[in-house]
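Data first, discussion second: the structure below is written as C-alpha cells.
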Amino acid sequence: MTEVPNNSSTEKSLNFIEQIVEDDIAAGLHAGRVHTRFPPEPNGYLHIGHAKSICLNFGLADKYGGKTNLRFDDTNPVTEDTEYVDSIKNDLHWLGFGWENEFYASDYFEQLYQFAETLIEKGVAYVDDSTAEEIAVQKGNPAEPGTPSPHRDRPVAENLDQFRKMRAGEFPDGAKVLRAKVDMTSPNMQLRDPVIYRIKHAHHHRTGNDWCIYPMYDFAHGQSDSIEHITHSLCTLEFIPHRPLYDWFIEKLNIFPSHQYEFSRLNLTYTVMSKRKLKTLVEDGHVTGWDDPRMPTIAGLRRRGYTPASIREFCDRIGVAKRDNLIDVGLLEFCVREELNRTTHRIMAVLTDGRPDAQPLKLVITNYEEGREEIMRIENNPEDHEAGERDVPFGREVFIEHDDFIENPPKKFFRLFPGGMVRLKGAYIIKCDEVVKDDAGTITELRCTYIPESRSGSDTSGLTVKGTIHWVSAAHAVEAEVRLYDRLFQVENPAADERGFKDLLNPNSLQTVRAFVEPALIQATRSGSLTNVQFMRKGYFVIDPASTPDRPIFNRTVTLKDAWAKEQKKG
RNA sequence: AGCCCGAUAGUAUAAGGGUAGUACAACAGAUUUUGGUUCUGUUUGUGGAGGUUCGAAUCCUUCUCGGGCUACCA
C-alpha cells in the first residue's frame, strides 16, 4: 500500500465518488473502464439540481477517460412526453455536454420482459391478483413484518401463463401485477415483494401501443444500467434502500454488476427543487412557464442570463457528499458575476421605478451650449482592454437616476446633492446648482454647470470628486423595458416550511420598469453581437427572447454587489 | 417504532491516526472615473459523554440531533 504523495498544493481534493472510482481503477475493476449515465425521466424540465448530477456524471467520465450515456427513464407512459425529451437534450447541449449514446429504458422493454419471465421460471416472481390497497396492507409497516399475499405461492406455470396473458392485454388496468418474491419480513420495505410490472393500457411516447404492461422504475433502472454496462451508477440518497433490490435482480438474473452510489441532492435557498412543485408553479400561473427567469430550471436560468460556464463552475464549487445541504443562492450569483464581470460590455442605462409613466431625473447643464453635442469614447470593459471602446453621445440634457440625487444627503453619500459635484462617467464633472420641483414638490429637474476642463481623458481641472454616476443623453436615449427579478420565495427554505409553498411566494419577484439606454446597446442587441451586458452600477442584464426591434426587453440576471445599500442598512 | 444514511465556522466542502485548511458570506482597510472589480487583513468550527492510542475530526461504544424508507411514481 503505497500512497501517492499529494505534493501539489493546488491539486483539488477528491470527492467521495472520485475516491471510489480511483480505488476501482487501481483495483483493476472492469479493466479500469468508467462508464456513467444521466437518467432523467422525461416528465419535466431539467433544473439546477439536475445540473449537479449532470456535471458529476459527465465530469467523472471526462476526468477518467470514460463515457456517459443519456438514458431516458421512460417507464411510465402516462406522465412522459417528447416535449420533455427535446427540452432535456437541448438543455444538456446548452450546458456543454455531449453524450456517448442516447438510450431509452423503453428500448429495453422486450429484454426486461424476458428478465421477468426468467424470474418467474426461477420461482422468484409471481402474478398477484391483490388490489393496490391489499398489497399496501400486506407490506405493513417497517416496525413489523409484512404478510404474504394469498397468491405468493402460485405455481410457476400458472404465473407464466398469467403474465403472458397480462402482456396479451387480457386484463384491465390494475387487475394484476407481477411481484418479485423477495422477503415480506425484511426491515427494508423495498424488499417486501415489490411490484415489478403493472398493467397500463396507455400510449407510450416511443413504443406507442405495443405494450399494455410496463415495468416499474425499480425493475427497469438497475437492469438498464446493467444492459449498458454502466460501471458507476450515480443517484441521490433516497435510492439507497433500493440498492439491495437492484443487486438482488442482478444476482438472480446473473447480469453485468453495475454498482450504484448515492450522493445528496442539491437544495438552494429561496427556491424549490421538486419537479412536482415546479410544475404546479407553471400550471397555476405563478410563473410564465418552465423558462420563467425566476425558475431554477436550466431554461429559466438561461433566460435569466446565466451562462453554461457559470452553472458548471457552481456545480464544481458546491462539492459532492452525502449530508443534507442547503446551498446559499449567493454562491450561484457569485459564480455568474465572476464570469460576467470578465466578459460583458458595460453600458449605461437609467432605470426608473415601476410606475408606467415614470420618468428619469433630467439634468440640464446650463453652461453647455444649446444644440451642442459631443461623442465620448468610453471603454467597454475595464477588465478586458481588448473589448475596445464605444461612442457615447453627450449633450446639454442628460438623464440620471433618482437614486443618484438626494436633496438632504446622509453622511457618506457621495453622489449628487445641491451644491455637490460628481463626475458623469466618461464625460465631465458637474456641479448641482438648482433643484426644480413641480407643484406637488416632486423633483423634476436638476440645473447644473459643467467644468469644461474636466473632460474625461483630458482632465486639467485638478478637481477630484468622490462620486461617478452613469447617465444617458436625453436626446439620444432609447427606451427599453427592463425586468428586475428577485428571489421567487420569501423564505430561505420553502420545502421545510409548514406553510404551503404557494403561500411563501415573493410577491415582488418581478418588477417591470422603463429604462433609458445608450443607443449603442440597441444597435448591438439588434445585430446580435451582445447578449449579456453590464448596466453600469446596476447589474448584469440579458436581452430577452421576447424582445422586438422596437421594443427591447432586458432581464436582470443579478445585481452588482452594492456596498452603499449595505451601508444604508446599518442605519 | 424497525432498518438505512448523515453530523467539521453563518453556508458548503477538505484533512483517510500526526499543524483543522479552502471557497462563499460577514467584518475592517487599501486601490478605483462603476459604492463594481482587484488587493490586504480579521472573526467564526470538529454535536455530547466515555473508550483505544504517545497522539483522535478520523477508530470503537453510547447518547443526541437531522434526513430517508412504509406509491400498481421516479
- Message: Suppose we screen for salt bridge (charged side-chain N to carboxylate O under 4.0 Å, His left out). Which residues come up paired with A:D324, at least two apart in sequence or across chains?
- Response: none
- Query: Any salt bridge (charged side-chain N to carboxylate O under 4.0 Å, His left out) pairs touching residues 174-184 of chain A, not counting sequence neighbours?
  - Reply: A:D128-A:R179, A:D129-A:K176, A:D153-A:K181
- Tell me, with the steps shown, if A:E83 and A:Y45 meet side-chain hydrogen bond (donor to acceptor under 3.5 Å, both in side chains). CA-CA 9 Å; A:E83 176 201 349; A:Y45 280 64; 2.9 Å; yes
- Task: Determine whether any donor atom in the side chain of A:T468 lies under 3.5 Å from an acceptor atom in the base of B:rU34, or the reverse, and answer yes or no.
- Result: no
- Query: Are A:R152 and A:D193 close enough for a salt bridge, meaning some N to O gap below 4.0 Å?
  - Reply: yes
- Query: How is A:N141 classified with respect to the nucleic acid when contacts are heavy atoms under 4.0 Å: base, sugar-phosphate, or nothing?
  - Reply: base
- Dot-bracket summary - RNA chain B, pairs being Watson-Crick or G-U whose distances fall under 3.5 Å, with | when paired to another strand: .((((((..((((....[..)))).(((((.......)))))....(((((..]....))))))))))).....
- Item | Any residue meeting ring pair (Phe, Tyr, Trp, His ring centres under 6.0 Å) with A:H470, in chain and number order, not counting sequence neighbours | none
- Which part of the nucleic acid does A:V195 contact within heavy-atom distance under 4.0 Å: base, sugar-phosphate only, or nothing? sugar-phosphate
- Note on the structure: Side-chain atoms of A:M216 come closest, of B:rA71, B:rA12, B:rU34, to B:rA71
- Message: Between A:D225 and A:R71, does any side-chain N to carboxylate O distance fall below 4.0 Å?
- Response: yes
- A:S106 side chain to A:D74 side chain, donor-acceptor N/O pair below 3.5 angstrom: yes
- Query: OP1, OP2 of B:rC69 versus side-chain N and O of A:K139: anything below 4.0 Å?
  - Reply: no
- Kindly state which residues belonging to residues 327-339 of chain A come within less than 4.0 angstrom of RNA chain B, counting heavy atoms of the residue only, listed by number. A:I327, A:D328, A:L331, A:F334
- Message: Categorize A:G457 for me: base, sugar-phosphate, or nothing, with a 4.0 angstrom heavy-atom threshold over every strand shown.
- Response: base
- Ion pair check, A:R537 and A:E401, cut-off under 4.0 Å: no
- Have a look at A:G426 and say if it touches a base, only the backbone sugar-phosphate, or nothing, with a 4.0 Å heavy-atom cut-off. base
- Note on the structure: Applying ring pair (Phe, Tyr, Trp, His ring centres under 6.0 Å) to A:Y108 and not counting sequence neighbours gives none
- With the side chain defined as heavy atoms from C-beta on, A:E80 is closest, among B:rA74, B:rU33, B:rA71, to B:rA74
- Give one of base, sugar-phosphate or nothing for A:Y197, where a contact means two heavy atoms less than 4.0 Å apart. nothing
- Task: Report which part of the nucleic acid A:R192 touches: base, sugar-phosphate, or nothing (heavy-atom distance under 4.0 Å, all strands).
- Result: nothing
- Item | Nearest-neighbour nucleotide for the A:R323 side chain, B:rA12, B:rU13, B:rA71 considered | B:rU13
- Sugar-phosphate only, base, or nothing, as touched by A:S130 at under 4.0 Å among non-hydrogen atoms: base
- Between B:rG67, B:rU34, B:rU13, which one does the side chain of A:A321 approach most closely? B:rU13
- Message: Let's test your reading of the model: under 3.5 Å, does the base of B:rU34 pair with the side chain of A:Q534 as donor and acceptor?
- Response: yes
- Message: If I take atom NE2 in residue A:H242 and atom C1' in nucleotide B:rC69, what distance separates them, rounded to the nearest angstrom?
- Response: 7 Å
- Which of residues 42-51 of chain A have a heavy atom under 4.0 Å from RNA chain B? none
- What residues, two or more places apart in sequence or in another chain, satisfy salt bridge (charged side-chain N to carboxylate O under 4.0 Å, His left out) together with A:K411? none
- Note on the structure: Looking only at B:rC69, B:rC73, B:rG36, the nucleotide nearest the A:K200 side chain is B:rC73
- Message: What's A:F219 touching, base or sugar-phosphate or nothing? Going by heavy atoms closer than 4.0 Å.
- Response: nothing
- Task: Under the ring pair (Phe, Tyr, Trp, His ring centres under 6.0 Å) rule, collect the residues that match up with A:F115, sequence neighbours excluded.
- Result: none
- Taking the six-membered ring for Trp, is the centroid-to-centroid distance between A:Y246 and A:F239 below 6.0 Å? no
- Item | Nearest-angstrom distance from the residue atom CD1 of A:I135 to P of B:rC73 | 11 Å
- Can you tell which of B:rC69, B:rG66, B:rC73 lies closest to the side chain of A:Q190? B:rC69
- Whole-Å distance between B:rC73 P and A:D74 CG? 15 Å
- Between the side chains of A:R37 and A:S233, is a donor N or O closer than 3.5 angstrom to an acceptor N or O? yes
All N/O contacts under 3.5 Å from nucleotides 39-44 of chain B to the protein, with atom names and distances to one decimal?
none

- Would you mind classifying the nucleic acid contact of A:E383 as base, sugar-phosphate or nothing, using non-hydrogen atoms under 4.0 angstrom? base
- Task: May I ask you to say what A:K275 touches in the nucleic acid, namely base, sugar-phosphate or nothing, with a heavy-atom cut-off under 4.0 Å?
- Result: nothing
- Task: When you get a sec, tell me which of B:rG36, B:rU13, B:rC5 is the closest nucleotide to the side chain of A:K322?
- Result: B:rC5
- Of the candidates B:rG66, B:rA74, B:rU33, the side chain of A:E41 sits closest to B:rA74
- Can you find a donor-acceptor N/O pair under 3.5 angstrom joining the side chain of A:R423 to the base of B:rU33? yes
- Item | d(CD1, A:I196; P, B:rC73) in whole Å | 14 Å
- Does the gap between the ring centers of A:Y428 and A:Y450 come in under 6.0 Å? yes
- Toward the 5' end of RNA chain B, by each residue's nearest nucleotide, A:V320 or A:G174: A:V320
- Message: At 4.0 Å (heavy atoms only), tell me whether A:L560 reaches a base, stays on the sugar-phosphate, or touches nothing.
- Response: base
- Query: Can you check whether A:R198 has a side-chain N or O nearer than 4.0 Å to OP1 or OP2 of B:rA74?
  - Reply: yes
- Query: Is any side-chain nitrogen or oxygen of A:T75 closer than 4.0 Å to OP1 or OP2 of B:rA74?
  - Reply: yes
- Message: side-chain hydrogen bond (donor to acceptor under 3.5 Å, both in side chains), that's the test. Do A:Y104 and A:E80 meet it? Break it down for me.
- Response: CA-CA 12 Å; A:Y104 294 78; A:E80 293 149 8; over 6 Å; no
- Scan A:P382 against the nucleic acid and name what it touches under 4.0 Å (heavy atoms): base, sugar-phosphate only, or nothing. base
- Message: Taking 4.0 Å as the cut-off, does a side-chain nitrogen or oxygen of A:K561 come that near to OP1 or OP2 on B:rC24?
- Response: no
- Query: Which salt bridge (charged side-chain N to carboxylate O under 4.0 Å, His left out) pairs, counting each pair once, include a residue from residues 134-144 of chain A, with sequence neighbours left out?
  - Reply: none
- Quick one: which residue pairs count as a salt bridge (charged side-chain N to carboxylate O under 4.0 Å, His left out) with a foot in residues 338-348 of chain A, not counting sequence neighbours? A:R317-A:E338
- Task: Please work out if A:A143 contacts a base, only the sugar-phosphate, or nothing of the nucleic acid, heavy-atom cut-off 4.0 Å.
- Result: base
